[in-house]
Amino acid sequence: MASDSETATVIAFVSQKGGVGKSTLARGLAREAAKSGLAVKIADLDTQQGTSVEWHRRRLNEGVEPVVSVEGYKTADQALSQAARYDLLIIDAPARASEGTQKIAERAQLVVQPTNPALDDLGPAVRLFHELTKAGIPKSRLVFALNHVLTETEEVAAREYLREAGYAVLQGYIPSKTSYRDAQNHGRAITETRYGALNEKADSLIQALINMVG
Amino acid sequence: MADLSKFKKRLGAPPPIEDTGANLKAPEIAPSPVVPTVAQPKERDGRSARRTGRTVQFATRVSEEFDDRFRAVCKRDSLLMVELLEKALDAYERGR
């Protein structure tokens with residue numbers, strides 16, 4: 001286990017909009033980390049919705065292994081103060097940027113912003129990263145992840161848009177599939193669906209994310 | 001093979017770096033929405049109406065004769081019961 005807050009890795013999932021996949025990716029990463037034997041915690045900062053906290057309850061009820069630790073926190077400071085206790089602290093931020101988002105971004109080794117490939121989501125997503133850049137967060141720590149992708153064409157267009165904006169985009173993407181939803185409805189992660197191909201797709205995106213951590 | 005890449009579906013230009021809001025200045029704990037408060041009438045007893053503040057419940061027991069007489073006057077003069085009550089109170093105050 002990490003001995004102090006400087007050595008603990010913090011990976012944050014942020015966004016300005018809801019429903020883009022923060023919790024989905026946070027849980028996928030947490031599951032892979034737990035399976036690798038890391039001391040990992042998801043800090044769910046959206047206390048109004050508690051998406052990951054609820055998922056954790058379903059996971060426990062369904063008896064899914066490995067157990068992934070999830071806890072709700074009211075503020076970024078409260079969550080970040082826990083970092084020293086884990087190898088990896090995963091922040092599942094609220095669907096609303098605030099002072100807290102900046103605090104998280106200042107501490108996190110990697111800030112992942114999932115986004116749907118539609119302009120309605122891409123525009124606000126780019127603006128949030130622009131704001132973080134202006135606030136002094138290095139672009140090398142900001143990365144987009146494409147989620148809910150319906151077609152390859154859609155994925156290519158969205159990737160091009162985000163790169164043109166000046167930001168990295170994770171290799172791979174999460175396609176829009178009912179099986180991912182089904183899995184999560186039963187306390188499983190996106191790497192734990194009934195379909196090997198979907199699990200691999202999710203796993204490769206998560207690996208690309210891990211590769212980004214400096 | 002012909003290069004048709006220029007026909008590729010594009011999403012247009014992303015917002016420039018200058019085009020940002022002030023989201024990072026927003027308080028971390030979202031303030032509760034301001035709900036306009038309706039002026040509440042002074043509470044006199046447990047039965048005081050509190051819904052709109054415009055009127056309050058007013059009820060009392062009267063004799064059957066008074067009720068007949070009161071309603072008959074209301075009907076004759078096309079008054080609401082509350083209007084007759086108000087006039088009666090005014091008349092009482094004036095003659096006191």
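Computed from a predicted model, the values in this text were never measured in an experiment. All chains are named by letter (A, B, ...) in the order of the sequence lines, taking the proteins before the strands, and each is independently numbered beginning at 1.
Contacts of A118(A) with chain B are absent, with no heavy-atom separation under 4.5 Å from either backbone or side chain. Neither the backbone nor the side chain of Q48(A) comes within contact range of chain B, judged by heavy atoms closer than 4.5 Å. Of the atoms belonging to T47(A), not a single heavy atom falls under 4.5 Å from chain B. With a 4.5 angstrom heavy-atom cutoff, P124(A) does not touch chain B via any of its atoms. Proximity to chain B is limited to the side chain of A135(A), based on heavy atoms less than 4.5 angstrom apart. Only the side chain of L122(A) comes within less than 4.5 Å of a heavy atom of chain B; its backbone N, CA, C and O stay farther away.
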Exercise for review: Tell me, with the steps shown, if E160(A) and L11(B) meet side-chain contact (heavy atoms from CB on, under 4.5 Å).
Suggested key: CA-CA 9 Å; E160(A) 196 175 306; L11(B) 291 172; over 6 Å; no
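Other residues, nucleotides and ligands place more than 12 heavy atoms under 6.0 Å from the CZ atom of R58(A). With a 6.0 Å radius and a threshold of 12 heavy atoms from other residues, nucleotides or ligands, K17(A) has its NZ atom above the threshold.
Counting all heavy atoms, side chain and backbone alike, E164(A) lies closest to P14(B) at OE2-CD, 3.6 Å. In terms of heavy atoms, T20(B) sits closest to R127(A) at CG2-O, 3.6 Å. Here the closest non-hydrogen pair linking A97(A) and A26(B) is O-CB, 4.1 Å. G12(B) approaches Y161(A) most closely through the heavy-atom pair O-CD1, 3.4 Å. What you find for E18(B) and K134(A) is that their closest heavy atoms are O-NZ, 3.7 Å. Scanning all heavy atoms of the two residues, the minimum distance from S98(A) to P27(B) falls at CB-O, 3.5 Å.
Note: E131(A) leads K74(A), E131(A), K103(A), Q16(A) in heavy-atom pairs under 4.5 Å with chain B. When each of T133(A), L162(A), L45(A), L119(A) is scored by its heavy-atom pairs under 4.5 Å with chain B, the top score falls to L119(A).
The shortest side-chain heavy-atom distance between T101(A) and N23(B) does not fall under the 4.5 Å cut-off.
Residues passing the side chain to side chain donor-acceptor pair (under 3.5 Å) test with T193(A) are N199(A), sequence neighbours excluded. Judged as a side chain to side chain donor-acceptor pair (under 3.5 Å), and not counting sequence neighbours, the contacts of Y73(A) are E71(A).
Atoms CD and NZ, from Q102(A) and K25(B) in turn, are 6.0 Å apart once rounded to the nearest 0.5 Å.
No side-chain donor-acceptor contact under 3.5 Å links R96(A) to the backbone of I29(B).
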